[in-house]
Amino acid sequence: MGLNQDEETSGKDSKGKEIAVAGINRRRIITRPQLNFLAILYEHGVALDTSRPEQLCQQLYDGVFLKPNKLKYYVDKNSKKNCFVLFARELSIVHGASPQYWGWMKDKETSGEDIEVAKLLAVCWIDIKGYIRTINLSPGTVYEIVFEVKKFDGRMNSDFSFDLVIEPQHSKALTRTECFEGKPLEKWFELVVGEFRMSPEYVGNMEFGLEQHDGSWKSGLVVECAIIRPKEVAT
């Protein structure tokens, strides 16, 4: 399975941007998807039709579930870089399986697929972690990691804050703090965990998380997913 020479040819446009031309109609030019997308799909037992490059690219832009309703892979349409979405069921949530602490609700993501989101009912120790293999990220790219969350009326002080951390396997941790004050009620928003440039020092397993360990009882948070995507850099 792959895009072979019988199916497409490749080259560069006037600005040096790599292009691919479908063999069935060489007048139609499309952008080549990330070269390692087949390895990512194969690793998770996902097969896509590669005979029509234009349609394939659109599928990758729209996103492909590597694990049903848990893990999604997509290619950013503007930068052509690999991205991942870890929905709540793919995250490690301390006490997430205990119904007295966390509740699980059905929701729909942007594609219309059914997913589950995690609703914090009452805990004194918030600890939510995700894990990625950075070998599947695009080299030289500045990435950011964000949690998509929602706030509702609950037991959190106005000055409540989260500790956000990125822990590479072979490099020092990146940490920051985000205050919950002023965040909208009942609307999805992003908590930025941090950013990093995908360079050799970050090759390996990477853990990231959202934490609050002050010991007070807390509620008022809904977690949909974590997103690993290229950071938009102003030019």
At their closest point, which heavy atom of [X] faces which heavy atom of [Y], and how far apart are they?
X	Y	answer
L91	A226	CD2-CB, 4.2 Å
L56	F37	CD2-CZ, 3.6 Å
N69	I115	O-CG2, 4.1 Å
S138	Y143	N-OH, 2.9 Å
Y74	Y61	CB-O, 4.1 Å
E90	K70	CB-O, 3.4 Å

Evaluation steps, side-chain contact (heavy atoms from CB on, under 4.5 Å), between F87 and E116: CA-CA 8 Å; F87 291 98; E116 287 184 281; over 6 Å; no

Angle between ring planes, H213 versus W125, binned at 30° and 60°: parallel, tilted or perpendicular? parallel

Using the ring of each side chain (for Trp, its six-membered ring), is F147 parallel, tilted or perpendicular to F208, with breaks at 30° and 60°? tilted

Is the closest side-chain heavy-atom distance between [X] and [Y] below 4.5 Å?
X	Y	value
S219	L121	no
L48	L60	yes
L66	I40	yes
V149	L221	yes
V203	H170	no
R133	L137	no
F162	E211	no
L120	I126	yes

Answer yes or no: is there an ion pair linking [X] with [Y], defined by an N-O contact shorter than 4.0 Å?
X	Y	value
E195	R176	no
K172	E167	no
E144	R229	yes

Using a 3.5 Å distance criterion without hydrogens, assess whether the side chain of [X] forms a donor-acceptor pair with backbone atoms of [Y].
X	Y	result
T141	P230	no
S171	Y202	no
K67	F65	no
N36	A39	no
N82	N136	yes
Y131	S92	no
K150	V222	no
Q169	N205	yes
S199	R197	yes

Would you sort out whether E109 and K72 count as a salt bridge (Lys or Arg N to Asp or Glu O under 4.0 Å), showing the intermediate values? CA-CA 11 Å; E109 64 115 17; K72 187 175 184 179; 2.9 Å; yes

Say you draw a straight line from [atom1] of [X] to [atom2] of [Y]; how long is it, rounded to the nearest 0.5 Å?
X	Y	atom1	atom2	result
E224	M105	CD	CE	10.5 Å
C57	D62	SG	CG	11.0 Å
I227	E190	CD1	CD	5.5 Å
S161	D214	OG	CG	8.0 Å
T177	Q212	OG1	CD	9.5 Å

Is there a chain of hydrophobic side chains (I, L, V, M, F, W, Y, each step under 4.5 Å between heavy atoms) that links [X] to [Y]?
X	Y	answer
F196	I135	no
I132	V64	yes
V165	I128	no
I228	L41	yes
V94	V193	no

Qualifying side-chain hydrogen bond (donor to acceptor under 3.5 Å, both in side chains) pairs with a residue from residues 95-108, counting only residues at least two apart or across chains: K108-D114

Going through the checks in order, is the side-chain contact (heavy atoms from CB on, under 4.5 Å) test met by Y73 and V46? CA-CA 11 Å; Y73 162 65; V46 177; over 6 Å; no

Applying side-chain contact (heavy atoms from CB on, under 4.5 Å), run through I145 and I166 and close with a yes or a no. CA-CA 9 Å; I145 302 177; I166 297 175; 4.0 Å; yes

Just do the side-chain contact (heavy atoms from CB on, under 4.5 Å) check on Q58 and K77 with the steps written out, would you? CA-CA 9 Å; Q58 190 58 53; K77 191 170 185 178; 4.2 Å; yes

K151 NZ/CZ over F180 ring centroid, <6.0 Å and within 45° of normal: yes

Axial cation check for F160 ring with K183, 6.0 Å and 45° limits: no

